[in-house]
Structure formats: structure tokens, C-alpha cells
Amino acid sequence: MAGPTIVDLAADAAPETPSVVIVGELSEEQREQMNAALGAFKGTLPVYAAAADHAAVAPHVLGDGLYVFQATSAVAYAGDLADAEAVRSFVDAERVPLVSRLGPSNFSELNSLPGRDLVVLMIDNADEAFATKDAAFADVARDLKADGGFVFATLDTAAFQGFAANFTDVEELPKVVVLRLAQSSFFVADLDEATPAWLRAVAAGEVEASTLSH
């Protein structure tokens, strides 16, 4: 597959998020290397080249290098840019936010990331303790980030009650649901029971799955 075209970020533009931003001057050889390394993301993830003093980039970077930009942060790649496999692995891990807000626009992507279970906190966003529970879920996501086997999201059950009802009693929220829709199966736990240890047990096949009714 041909690599993506690296777009030189215009002086008055900001990078879309998520995106890859390569900071610093690129030689033609380096540009070709990056095109090849990031070809797997063509059409799904913008790739920009920008100077370190670019107005929209400078506040988020520490110097030349490769970064994955999210809406409010940027994560730096610390490896060898010539190591295409390591670059791809880094971008794949960082292009999804620590915790996404699940909806129709991103469900298909989040549910189909290779080798990663979609873990969803199903909660009414109007819950008076939403911020506390959302933060607790993010802590679990942070603890498991290095495992690489999960992607985390929250679902507002007030907006998507019908979908949530396929997996749990919407009167007994919040719940954490691990979705494996390709196998028509899922796993459910209370938020305080959905610990890193429980999720690792799910991944290891040590927890019995529920079957999705059609």
C-alpha cells in the first residue's frame, strides 16, 4: 500500500485530531520512510509535517520528532524513526484517546481494532456522580494501557438506552461491558468490580461470557 501524503501544515492551520504530526525539517528520504511506515493508516489518520515553532504545534511539543495529537494533548514517540514497525505500533496505540465517548461516528472503528476488546462504561451522563465514576474508569484504562489489549469508551445511556439494554438492565447503572460482537458475546461487571485484574481475566478466557440475543 502506498503511504499517506504528508501534508505540510499551513501556518494558519491547526492539525485535525487525532493525527500524526512530524515536527522538524524532513529530507525527501525521511518523508518516503514515514510514508512507508504510516501507510497502514492511510485514509483514517491525517499526517502532517510542521516546524517546531508552528503556532498550533509549539505549545504541545518539546522539539523535533513524531507526535500523535489528540484534542487536548500530544504524545511523543521516543524510538527510532527508522524503525517502521515500532512507529506503527506507537501510532496504533496512541491514536485512540485513553477513554473515548462512544457514538455512531466512532463505534465501528473502536469495535474493530485488531486484538483489542472494546470496554464500555455504560452510564447516564446526568448521574450526579458522573465525574467521579468517569475518573475511576479512566484510572482503570490508564493502568491497562501498556497491556495493549483493550480500548476504552463511555456510553451515555440516556442517549443510547436501546443499545445499552441489549447488555444490561438500564435501571441498574453504571455497568462496565466488554463487547465481543463478532462472537455475539459480552461480559458485564459493576464499575467497582471491573478492575484491571478482572479485565485481564476476561482477556485470558477465565471469565464466562454472556451471549447476545438476536
Side-chain angles (χ1 to χ4, degrees), residues 1-103 105-110 112-116 118-119 121 131 134-154 196:
M1 178 189 295
T5 300
I6 297 175
V7 176
D8 291 315
L9 191 61
D12 60 349
E16 294 180 30
T17 56
S19 65
V20 175
V21 179
I22 304 167
V23 177
E25 187 174 349
L26 286 175
S27 67
E28 285 304 313
E29 181 181 0
Q30 289 171 323
R31 190 174 287 251
E32 289 177 8
Q33 287 176 342
M34 288 296 94
N35 277 340
L38 298 171
F41 305 106
K42 185 177 183 180
T44 63
L45 196 67
V47 180
Y48 302 100
D53 61 355
H54 188 289
V57 170
H60 306 287
V61 304
L62 298 175
D64 291 357
L66 183 145
Y67 298 80
V68 173
F69 270 56
Q70 295 290 352
T72 60
S73 64
V75 182
Y77 171 66
D80 183 356
L81 287 175
D83 187 339
E85 184 175 348
V87 168
R88 282 192 294 271
S89 294
F90 169 79
V91 172
D92 190 48
E94 298 295 342
R95 67 193 177 104
V96 177
L98 181 66
V99 179
S100 301
R101 302 306 179 199
L102 193 62
S105 65
N106 63 359
F107 178 80
S108 179
E109 178 189 6
L110 295 180
S112 58
L113 292 174
R116 299 173 75 174
L118 176 55
V119 184
L121 172 62
D134 188 50
F137 185 64
D139 285 342
V140 173
R142 196 170 291 108
D143 286 347
L144 289 171
K145 184 174 181 179
D147 288 40
F150 307 95
V151 58
F152 292 83
T154 63

Which pair of non-hydrogen atoms, one from [X] and one from [Y], has the smallest distance, and what is that distance?
X    : Y    : value
L118 : F107 : CD2-CE1, 4.2 Å
E25  : Q30  : O-OE1, 3.7 Å
L110 : A153 : CD1-CB, 4.3 Å
A36  : R88  : O-NH1, 4.0 Å
V99  : A141 : CG2-CB, 4.0 Å
V21  : P15  : CG2-CB, 4.0 Å

- Can you tell me how far the CD1 atom of I22 sits from the CG atom of D8, to the nearest 0.5 Å?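 Going from CD1 on I22 over to CG on D8, the span is 10.0 Å.
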
- How long is the gap from CZ on R95 to CG on L113, to the nearest 0.5 Å?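 Output value for this atom pair is 5.5 Å.
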
Closer than 3.5 angstrom, by distance alone: can the side chain of [X] be matched with the main-chain N or O of [Y] as a donor-acceptor pair?
X    : Y    : answer
R142 : L98  : no
Y77  : V68  : no
S19  : E16  : yes
D147 : G149 : no
H54  : A10  : yes
Q70  : E94  : yes
E109 : N106 : no

- Message: Below 30° counts as parallel, above 60° as perpendicular, anything between as tilted: where do the rings of Y67 and F69 land?
- Response: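 Answer is perpendicular, since the angle exceeds 60°.
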
- Task: Given side-chain contact (heavy atoms from CB on, under 4.5 Å), test M34 with I6 step by step and report yes or no.
- Result: CA-CA 8 Å; M34 288 296 94; I6 297 175; 3.7 Å; yes

- side chain to side chain contact (heavy atoms under 4.5 Å, CB included), paired with F152, selected from L121, L102, L144: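 Of the listed options, the one satisfying the test is L144.
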
- Are the side chains of L66 and F90 in touch, meaning some heavy atoms are under 4.5 Å apart?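 In short, these two side chains touch, coming nearer than 4.5 Å.
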
- Pairwise side-chain contact, P18 with L45, heavy-atom cut-off 4.5 Å (strictly under):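 Yes. Closest side-chain heavy atoms under 4.5 Å.
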
